Each structure stands twice: as structure tokens, then as C-alpha cells.
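Comments concern the structure below.
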Amino acid sequence: MEERYVPSAVEEKWQAIWERNKSFKVTEDETRRKYYLLEMFPYPSGRIHMGHVRNYSIGDVVARFKRMRGFNVLHPMGWDAFGMPAENAAIQNKSHPAAWTYENIDYMRGQLKRMGLSYDWDRELATCDVEYYQWEQQIFLRMYERGMAYKRNSSVNWCPKCETVLANEQVEDGACWRCDSVVQQKELEQWFFRITDYAEELLACTEQLSGWPERVLTMQRNWIGKSFGCEITFPVVDRAETITVFTTRQDTLWGATFMSLAPEHPMALALTTPDNLAQVTAFIDKVKGTDKIRRTADDFEKEGVFTGSWCLNPVTGQRMPIYLANFVLTDYGTGAVMAVPTHDQRDFEFARKYGLTLQVVIQPEGETLDPATMTAAFTAEGVLVNSGQFDGMQSSAAKEAIADYLEQQGLGKKTVNYRLRDWGISRQRYWGNPIPIIYCDSCGAVPVPVKDLPVVLPKDVAFTGEGGSPLARLEPFVKTACPVCGKPARRETDTMDTFVESSWYFLRYCCPDFTGGPLDKKRAEYWMSVDQYIGGIEHAVLHLLYARFFTKVLRDLGYVNVDEPFTNLLTQGMVIKDGAKMSKSKGNVVDPNALIERYGADTARLFSLFAAPPEKDLDWSDQGVEGSFRFLSRLWKLMYECLPFIAGVNAASGEPANAEARALRRTVHKTIRKVTGDLDERFHFNTAIAATMELVNAIQAFTPKNAPENGPVLREALESVVRLLAPFVPHFAAELWEALGKAESIESAGWPDFDPAATVDDELLIVVQVNGKLRGRITVAVDTAEDKVKALAMADDNVQAFVAGKTPKKVVYVPGKLVNIVV
RNA sequence: GCCCGGAUGGCGGAAUUGGUAGACGCAAGGGACUUAAAAUCCCUCGGUCGCAAGGCUGUGCCGGUUCGAGCCCGGCUCCGGGCACCA
């Protein structure tokens, strides 16, 4: 063993050994308990950043810990390799997205290996490899057969900068989630996945995902947005048509005095009378021309226009003017809303603005609302009035009763509504998975036959940066023959949203070399579900919802047998420096390469695990990194000094030679217990490391180290420290383990067990309180009887001073911990 | 507006079931070693009073429950995140 700790030498040595031995390669083994540990795979953007370092360090600790605990651990890594940055880079550098992507992958793979992460590299995959995306095309076709993938004309979110469509989930505050451009609305023929068919199951299963953070589940539930209500049909005056609305407030039906339709409502123009046509079309144009940011702004004014038509309130028979209103969403419910201005704030504002009728139907307890003097809608619970036979009912009870009544009368029906929309997956981009469809003038949209798969993404494409998809301009790709009739036909040139690839990559890791189909069912069954998934909170809705959906689809298609992909989810916090997220523009970026070069991967890993618990944001501190390096150097030196005293000595197993040795051994076994608990149940890496540091401090303070009778305890202590640190600083631990004379690798050495007998204290520190305030501490033998402890507590000088001769009213005794004397 | 989190020394954070608040680390101050510095090692380190023993005070604020509250309950304040015209 070298006298000084030189990380680069140690790390290169062990990385070479792991690579040569394929130390982390796994195969399915029914006789062993499996553990599937997965971190979200990276987009190959060029180089890894500190967020990756943290994410993958956390994952690697768990993987290595579980391995030492005897699990058969699947820990794979790959590349989320399709996507727009590659295309943009290609335009800029006049190169090809594939070249850019694969160069990045090669570089980043090297970086990950340099971190000493224990992946089974034989399972590596890149989603842009045809070996991967061909199977996705097959899945698409199966979904198409079942109507799970379909095409329809729709108004879509269009990012003018990316020149492509975005799913609802990918629009943040009316802007593109990727480039922040203001998203526009555009009518396009688009491919969709019918995720709404799974809305109920996706929602219901959130109840069973007890290993997920509550806030992620809440976000998903909100996104799915289930609500109970009624669909109610309103006849249009003097016409055969009817308007159906969705409402959750059927208890306010008697107060509905007008009707609001979305400007995009299919009946909008049909209901418009000739003398209103000019205003109505102007209004529709105005709404469509307003971008989403302004349309959803806080101060956006509610506006509308009268169509000239009327409908009838089905229960009161009152005539209700039909308006178009800019706040009514075409996508939600039926795109039509019965307006109850007295009990809905938006309708209230609208009615005031256009001088429409207000009718109170819910009265609050002990108050009488007057439409003439109301300044806001009353939206809370109350008692029904002006509502026929339902007068006097509580509004919550009336909801049920009125829903039943409407069903009996054939005026409406109870319904459940969801906010979740189908997942639009069409992207007008090149660097993605081609959608395997052919359009024929005679046969229509025809799926590419499975035998003709894969539809390979052509390589010879020019990247000009001009608008539209490069694929659509590539004649040899577009021109093809119809698989049904053989006549000339055109290929679909849309590619799939890259979230499709990441929706099932965790399944492909189970059998990445399988050529018989997307998944080898047997191997997937062995590994699935992912026992622990680790990644950023930013994917709480997008990726994590899509992946859950896809898993259920693949289950229903017979590919897998699990309902949920991820049993436990850990969302790690961001890496912060100087109070802000690391970014080039803020100039607070820490480069992992420089960090590793200076301190080594082990220090980088140790610090990122020690500085904060994983789910919290991590405040980067250069001094903190220095401290972690100091700790490793100190332990290295300690080992170097102690080796001569423990050479040829066996680790302690029985009773130590003296009190000091017994105390050290107790610390060792208590630390093993603590670290095991922290890693196994809580993922509290920071406290596990802190406990190990305390143990190192205790070994350092232990004397005399050179006494032969202390050798066994000293060796046991050092061996334990090394094993406890192995998941955190694997190279460092491997080197010290070897220095301790171990022929067997530390990876196969197993996790240390603690001896409960060795953790037992021979004396206890009892805290003595008087009236709940700390007044003294006494040390007693473990087996001291309660009465004796109380007596000793009472006898303490300082305690006496505070008891001041009074007779205790009560003495509380918490065994082994505290005595509280109440006077 | 609604729904989640969170608030503990100069800083990052501990306190696992209601039982010694501040583990561990960083920073700071003092000392040793050194011609000097770096590195390393030792000591101090919530505030305050005290020579000391020790006292008082202290976990965002106000109140409650309890022998005992950072932790439980009620009411606030501030910060962070998510959703946001969802009928």
C-alpha cells in the first residue's frame, strides 16, 4: 500500500479490473433474489453535468449495497438518444445528428466509467439504434390494430422554433418545455395514443404506489383530473338540435340563466343568426389569434358574444341566451357550460358585463343573497331555494338527488370526466422513430407489414435548417408502394415523440439482445418491476405518466405481466451553487471532469452523497468537497499506520481484552447497525456517512494501537469501515480491502453483520430532569433497578438544589433514558 | 385561488416511536509543528450571565395538549414547488 492517497492511480486500477472481469454483468437466476435498480437514462447532450453525478452516485450506492447484501442486481445504463438538440447541432455544425449523437455517447460513456459506476455495460442501449426502435414500431402497429394508436385532425400545440407539435404535458405556461418559445395553436392531422382509455386505471393505481413520493402522485392525480358530475341536455329554441353540457354543479341547475359555448364548439356558427354573424366571426378570429400565455393570464378578461339563439333550461323552462365565451375550453367536458352566475365566479363576471339574469338557488346558512347586491358568486355549500321539490336540501345532498332526478326524467345522466387528453405523439422532425404507416390513395392509411419492418431512418438527409421535416422532403423515403394494392404510395414522415422511447426502455434492459420481438417475456418477468427508480422531479408527470401508461398497454398486448413499472421512486433534488441552479448563463457550473481530475471520482461521489439527503436540493460547496477528500486521506493514512499492527491478525469475534477495546467494538457494531438501517430503509446516505466518519474518529482516538491484544478489535474496526464505505467510494474501498490482505474482492465480500451482543452497553447514561428541565446526568449499570435509578437521580447535587426539599408529586422513569422529577 | 412541501447555529445538515437540540462536515478563532507558508495535528465554537460550578434563553410567530414538544393539535407569517378560467 502506498503511503499517500493518490486517487487517480487507485481509480484507474480498479476500473480496469472491473472492466476486465465484467464484475457487474448479471444474468437471470431464479435461485437468487433479484433487485432492479434504475436511474433515468441521460440524453447524450455532450458531457455529463453535476445533476448526473448526483443521480448516478445515489443509484450506484444502492446498487452496490444491494449486491453486497446478496441480491442479484440489475443495474443498466443507456441513452435517450433521439431528440431535437442533435438536429439543431447538425444544422449548426453541418454534420449529421447520428454522428453528433454517437460521438456524445462515446464521450459520456467514458465519463460514466470514470466515475466507477457499477453498470452491466453489456446491456447498454441507445434508443436511436435501429435494434431498439424497430421494436417500438412493432409495438406501434399492435397498438394501431387495437385502435390504441389513431390519427385525427386536431388543434395542436405548435412550437414555431422547434417546428413541431407538443403534447399538452410538454407545454409549460403556454411555452415550449424545451426552448421556451410561445406555443401556437395549429390544425394538423396527428397521431395519438389513447391514454385516456387508461385514465381510470392510471388514477386508481396511484393509491397502490406507496413507494412513490406523495407529491408526485398528487401531481399525476391532478393531471388526470377526475371529476364527478352530470351531462345535461338543453333543447335549442325553435330548432331540433340540443346542447349537452357537463357540470359538477347540477345542484345549481335551477339557477342556470344562460349558456356559454367554447368559440371552437362545432355548433357555434350553426347557432349564429345572420344579424349576429359578423360579430361572432370576429370574436372567434380574435380568440384563435390570442396566444395561450395571454389567454390564460390572471387578468385576462372574460369576453363573449351573443349568437342570437336561445335554449331552454330543461327544469325551469326559462329561455337562456346562447353565448360564445372565451373562457370555455373546447377540450374539457363537452365544450359547453350551463352558466349559473350566482354560484360561479366566471359566470358572475360574465353576466355583470353583459347584463344577464341572475337567479339565486343556493342560500348560505343564516344569510339571504340578493342578486341585485351580490358582489361575487356564492360557491360554497348551502341550502337550495327556487329549485322546486329540492328546496330546503343541502347542496351536497341535492347533487345526488338531482342527478337521480335528471336520469329518471331522461334529461341527463351521471358522468365522470377527466382532464387527461390523449397523448399526441406526432413530431415533424427527422431525428426520431419513423411512424410505420403508408398512405395509399385507394387504400388509405395502411400499416407497414411486420415483415417489412423496420422502417429505417434514412441517413442521407440534408440539414438546412429550413422549415419543416427533412424526411418529408426526402423523395426516396417518401415514395413507396402500397403494401395492400401495390400502387404508388407515400410514407408517413412524422416521427414519434421521444417520450415513447423512454416509456419502455426499462423493459428492454431486461433482454436487450432479444431478437424475437420487443421483449423476452420470461426474462422481463424475472426482473420487473423496477425495485427502485431514481431521477429528477421534473419528470413527475411527463415521463413517469407515459411510462406507466405504456407498461399497462404492453401488459394488455401480452408482452409483460406487471401493472406498474416502478415500485419505488426517489426524486432527487437539484444541484445548486451560489443559490441558483447550475447554468452556463449564471457561470456557476462545476465541471465533473475537473472535479474528478483534482480529487478523484470517490471524493466527488462521497461529497454529493454527504452534503444533503437525496431528495433535497444539494448546495455545492468547494470547501465541502475538500472536506470529503480530507476524510478519505485521513482514513488512508490511518490504515497505513495500522497495517503493521494487524498483519496476520484475525478480526475480533469474541470478548475484547479490555474496556477500551470493548468500547471500540461496541462503536463498530452500533455503526454497522446504523449504516445498514440508513441504507436499507431510509436512503439517508448523509447520516450513514456521518456515522462512518464517527467510527473513523473513534478508531483514530483508540490507543494503544500497537498492543498485540488490541489487534483483533483494531482489525475488525478497520475491515468494517472499509466494507461500510464500499458502496460510496468503491475504488478507495477496494484498494484498502486489498491492503488488508484480502484475496476476495470487496464486491463479493458481503455486507457486514452486526453482533447484537457487542452493541450492548455496560453502563447507561441517564438524563435527570426536574419539572422537565435537564438538571443532571448519572451513569448507572445496565441492570440497575428502577428504584435504584430514581434514588441515584434524586441524590444528584444539582437535582437536590432544584428539588429544594419539596416532595416529588411524581417521578417519571423512561427505562435506560431519563428520570423526570415533578415537584 | 387550490393542492403539496418546508422553516433548526455563520453555512450544509443531525435528532428513526414525544425523552440530553445542534451528530457529522464546512467556515471561523486560538494553539502546536515550520526560518516561513502549505499540509497535518490539538483545542474552542447557538446567544447570554458567571472566575467557576452552573444559571437564563433558544428549533419562523401566537396559543394548546403533555411530567416532558424541533416532533402532536389549533391559528398565523414567510419561503419553495405543482396545478391554475377544468364548468
Side-chain angles (χ1 to χ4, degrees), chain A residues 172-173 213-223 225-227 229 245-250 252 256 260 262 295-298 300-302 325-329 331-340 343-347 349-350 379 417-419 537-538 540-541 576 606-607 610-613 615-628 630-631 633-634 637 674 677-678 681-682 684 686-694 696-697 700 765-777 797-798 801-802 808-814 816-823:
Chain A
E172 293 166 355
D173 283 333
E214 197 51 43
R215 60 181 181 139
V216 174
L217 295 175
T218 304
M219 283 161 75
Q220 294 213 351
R221 286 181 197 127
N222 288 345
W223 193 264
K226 183 180 188 178
S227 58
V245 304
F246 170 75
T247 183
T248 57
R249 292 299 306 271
Q250 58 273 15
T252 64
S260 304
R295 206 171 155 180
T296 56
D298 279 345
F300 192 71
E301 202 181 341
K302 285 154 194 44
N326 60 359
F327 62 86
V328 178
L329 305 171
D331 270 1
Y332 185 75
T334 61
V337 181
M338 67 175 206
V340 185
H343 305 295
D344 181 285
Q345 187 57 29
R346 294 154 301 179
D347 296 342
E349 288 170 32
F350 197 87
T379 56
N417 199 48
Y418 299 91
R419 290 175 56 189
I537 185 77
E538 64 272 20
V541 178
I576 302 285
L606 188 66
F607 177 72
F610 176 64
E615 63 281 0
K616 284 186 76 168
D617 284 349
L618 184 155
D619 219 331
W620 195 263
S621 145
D622 293 333
Q623 284 106 337
V625 176
E626 196 81 47
S628 292
R630 235 175 355 235
F631 167 70
S633 302
R634 196 153 55 85
K637 202 174 129 205
K674 159 95 178 140
D678 280 354
E681 293 139 34
R682 310 199 308 162
H684 281 205
N686 55 332
T687 53
I689 293 167
T692 312
M693 285 174 168
E694 284 184 80
V696 171
N697 292 344
Q700 216 152 19
L765 180 73
I766 304 285
V767 169
V768 186
Q769 298 179 336
V770 178
N771 290 335
K773 292 204 173 192
L774 178 68
R775 297 303 177 193
R777 296 180 176 86
D797 284 350
N798 201 44
F802 280 89
K809 285 183 202 143
K810 186 174 174 184
V811 179
V812 179
Y813 177 59
V814 180
K817 286 209 162 150
L818 123 169
V819 175
N820 187 12
I821 300 159
V822 187
V823 294

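Hydrogens, waters and symmetry mates play no part in the numbers below; they use all other heavy atoms, side chains included. Chain A is the first sequence line, chain B the second, and so forth, proteins listed ahead of strands; every chain is numbered from 1. As the structure is a computational prediction, the values presented were derived from the model and not from experiment.
Counting only heavy atoms from C-beta on, A:F610 has its side chain closest to B:rG25 among B:rC26, B:rG25, B:rU20. Listed nucleotides B:rC24, B:rA27, B:rG13 differ in distance to A:P613; the shortest reach to its side chain belongs to B:rG13. The nucleotide whose nearest atom lies closest to any side-chain atom of A:T687 is, among B:rC86, B:rA14, B:rG19, B:rA14. Nearest to the side-chain atoms of A:F327 among the listed nucleotides B:rG13, B:rC85, B:rC24 stands B:rC85. Among the nucleotides B:rA15, B:rG19, B:rA84, the one closest to the side chain of A:H684 is B:rA15. Residue A:K810 has its side chain nearest to B:rC67 when only B:rA15, B:rC24, B:rC67 are considered. Side-chain atoms of A:R777 lie closest to B:rU20 of the nucleotides B:rU16, B:rG19, B:rU20. Here the side chain of A:W223 is nearest to one of B:rA14, B:rC26, B:rA84, namely B:rA84.
Shown here, B:rU59 forms no base pair; nothing in the strands shown gives a Watson-Crick or G-U wobble contact with both key distances under 3.5 Å. Remark: B:rC67 base-pairs with B:rG19. Criterion, Watson-Crick or G-U wobble with two distances under 3.5 Å. Searching all strands for a Watson-Crick or G-U wobble partner of B:rG5 with both distances below 3.5 Å returns B:rC79.
In this structure, a donor-acceptor pair under 3.5 Å is present between the side chains of A:N697 and A:R634.
The distance from atom NZ of A:K773 to atom C1' of B:rA21 is 14 Å, rounded to the nearest whole Å. If you take CZ of A:R775 and C1' of B:rG19, they are 16 Å apart, rounded to a whole angstrom. Taking atom NZ of A:K674 as the reference point, atom C1' of B:rA14 lies 8 Å away to the nearest angstrom. Rounded to an integer number of Å, the gap from CZ of A:F246 to P of B:rC86 is 12 Å. Protein atom CD of A:Q700 is 14 Å distant from nucleotide atom C1' of B:rC24, rounded to whole Å. One atom, CD1 of A:I537, and another, C1' of B:rG80, lie 12 Å apart when rounded to the nearest Å. Rounded to an integer number of Å, the gap from A:D619 CG to B:rC11 P is 12 Å. As rounded to whole Å, 11 Å separates atom C1' of B:rA14 from atom NZ of A:K616.
Within 4.0 Å of A:N798, counting heavy atoms only, lie sugar-phosphate atoms of the nucleic acid but no base atom. Looking at heavy-atom distances under 4.0 Å, A:N417 makes no contact with the nucleic acid at all.
Salt-bridge annotation for A:E615 and A:R215: absent, with no side-chain N of the basic residue lying under 4.0 Å from a carboxylate O of the acidic one.
A:R419 has a side-chain polar atom (N or O) that falls below the 4.0 Å cut-off from OP1 or OP2 of B:rA84. For the OP1/OP2 pair of B:rC86 and a distance below 4.0 Å, the side-chain nitrogens and oxygens of A:R249 include no atom meeting the criterion. At B:rG25, one or more side-chain N or O atoms of A:N697 fall inside 4.0 Å of OP1 or OP2 (strictly under the cut-off).
One cannot find a donor-acceptor pair under 3.5 Å joining the base of B:rC83 and the side-chain atoms of A:N222. The base of B:rC85 lies close enough to the side chain of A:K302 for a donor and an acceptor atom to sit less than 3.5 Å apart.
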Would A:E694 and A:K674 count as a salt bridge (charged side-chain N to carboxylate O under 4.0 Å, His left out) if you check the C-alpha gap in whole Å, the side-chain angles of each, and the deciding distance to 0.1 Å? CA-CA 12 Å; A:E694 284 184 80; A:K674 159 95 178 140; over 6 Å; no

